[in-house]
Amino acid sequence: MSELTINKRIASIPASVTLGVTSKAKAMKAAGETVYSFAAGEPDFDTPEHIKAAAVQALADGQTKYAPVPGLPALRSAISNKLKVENGLNYAPEQIVVSCGAKHSLFNIIVALCDEGEEVIVPTPYWLSYPEMIRVSGATPVFVRASQDNDYKMTPEEFEAAITPKTKAIIFNSPSNPIGVVYNRSEIEKLVEIALRHNVYIIADEIYEKLLYDGAEHVSPGSLSPEAQEMVITVNGFSKAYSMTGWRLGYFAGPQKLVKAVNALQGHSTSSPSTFSQYGAVAALEGPQDCLKEMGVAFAERRNYIYDRVSAIDGITCVKPGGAFYVLPDISKFGLDSVAFAEKLLTEEGVAVVPGAPFGVDGNVRLSYACSMENIEKGLDGFERFIKSL
Ligand SMILES: *Cc1c(COP(=O)(O)O)cnc(C)c1O
């Protein structure tokens with residue numbers, strides 16, 4: 001028998017380092033050890049009751065069959081309305097496709113939009129799935145390392161310098177994972193101006209738009225002008241804002257031609273996302289929004305606490321996150337790469353953090369504060385002890 005071979009593009013996808021640390025932490029917990037984890041990539045709150053009730057009602061009503069491939073008409077129209085009212089974007093329901101999470105939307109968009117020989121610009125540090133999605137499409141990720149001195153924000157000059165005749169798109173994530181970078185209006189205006197001038201599409205991942213601190217404003221790049229909207233593909237979902245990670249629902253809005261292509265791709269792969277989940281999503285968008293405020297207050301309190309303590313540690317530099325729920329301290333002064341640092345910290349203090357390497361920054365580790373204050377306090381005690389021991 002000849003040896004099993006794997007598709008070339010798929011075979012090169014590395015196993016997730018994030019999962020490596022998480023599974024070791026789980027094993028330690030199972031063995032009865034105390035572990036303080038900063039590894040979470042999802043809010044620790046339960047999904048708000050009224051959203052769950054809507055999905056339960058949908059089940060009781062027999063909404064257990066296939067939905068239309070791009071999503072329920074009621075949901076697409078609720079999304080169209082949300083994008084208009086909250087983001088200043090004018091997308092008809094027909095320009096919206098609902099998928100199994102924003103991650104799935106991003107995958108569909110990138111695979112449908114990008115081709116072999118084309119390039120996609122990825123500001124670094126980046127969310128670890130972007131480069132792999134781009135490689136699966138056959139295109140090449142082009143990394144633009146944003147400097148810590150500029151709060152890890154890519155400058156207009158850095159963006160423009162990375163553009164070549166092969167550049168098809170840029171991935172723009174604000175607020176960002178893994179660092180909570182938030183670009184302000186004038187910075188976004190400059191990036192959009194450059195993208196339009198060079199005919200580069202902007203894939204705007206807005207999954208953290210609701211998690212902003214210190215009164216920061218969320219600006220959707222597509223809202224700047226009708227011309228901008230034509231070059232922007234807006235991605236969002238329910239996981240982070242409404243604490244619905246397990247519901248697997250996200251969406252994008254964009255040019256009709258791309259919508260048609262993604263529809264065809266999705267129609268031959270997953271079809272529509274889960275039907276009764278979508279009823280919950282309608283309730284999320286159309287129901288009371290005070291749940292967002294409550295979660296926002298808790299995240300803001302944790303963010304201030306964790307940032308103050310981490311940035312006060314000798315030898316560490318840390319950018320204050322403007323959004324999302326992560327801090328990304330620079331630990332390069334301690335002579336360990338991010339994976340070695342995370343492994344040693346877990347073994348010696350039972351504190352789990354995520355190495356920066358898969359986010360394109362091997363001198364940093366990511367601490368999520370989507371966990372209780374108690375976990376943050378005790379975990380940081382261990383983190384500080386560990387640093388002192390180095
Ligand atoms: C969590 C996350 C997503 C996707 O979440 P879904 O659960 O697939 O909707 C997308 N982008 C970033 C940057 C994220 O952190």
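Side chains included, hydrogens not; waters and symmetry mates left out as well; all remaining heavy atoms used. All of these numbers come straight from a predicted model, not from anything done at the bench. Numbering of ligands and ligand atoms starts at 1, following listing order. Along the sequence shown, the residues carry numbers beginning at 1.
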Phe45 ring center near Phe299 ring center (under 6.0 Å):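 So the answer is yes for these two rings.
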
Is the CD atom of Glu230 crowded by more than 12 outside heavy atoms at less than 6.0 Å?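 No.
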
What closest approach, in Å, do Asn375 and Val35 show between heavy atoms, and which atom pair accounts for it?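 In this case the closest contact between Asn375 and Val35 is OD1-O, 4.4 Å.
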
Report all protein residues having a heavy-atom distance below 4.0 Å to some atom of ligand 1; order the list by chain, then number.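 Those residues closer than 4.0 Å to ligand 1 by some heavy atom are Gly101, Ala102, Lys103, Trp127, Tyr130, Asn173, Asn177, Asp205, Ile207, Tyr208, Ser239, Lys240, Arg248.
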
Phe325 and Tyr208: ring-ring contact (aromatic ring centres under 6.0 Å, His included), yes or no, with the steps? CA-CA 9 Å; Phe325 41 68; Tyr208 291 103; 5.5 Å; yes

Once the angle between the rings of Tyr242 and Phe238 is folded into 0 to 90°, is it parallel (under 30°), tilted (30 to 60°) or perpendicular (over 60°)?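 Ring orientation of Tyr242 relative to Phe238: tilted.
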
Set out, in order, the CA-CA distance, both residues' side-chain angles and the distance that settles salt bridge (Lys or Arg N to Asp or Glu O under 4.0 Å) for Glu132 and Arg135, then state yes or no. CA-CA 5 Å; Glu132 307 315 331; Arg135 290 187 183 113; 3.2 Å; yes

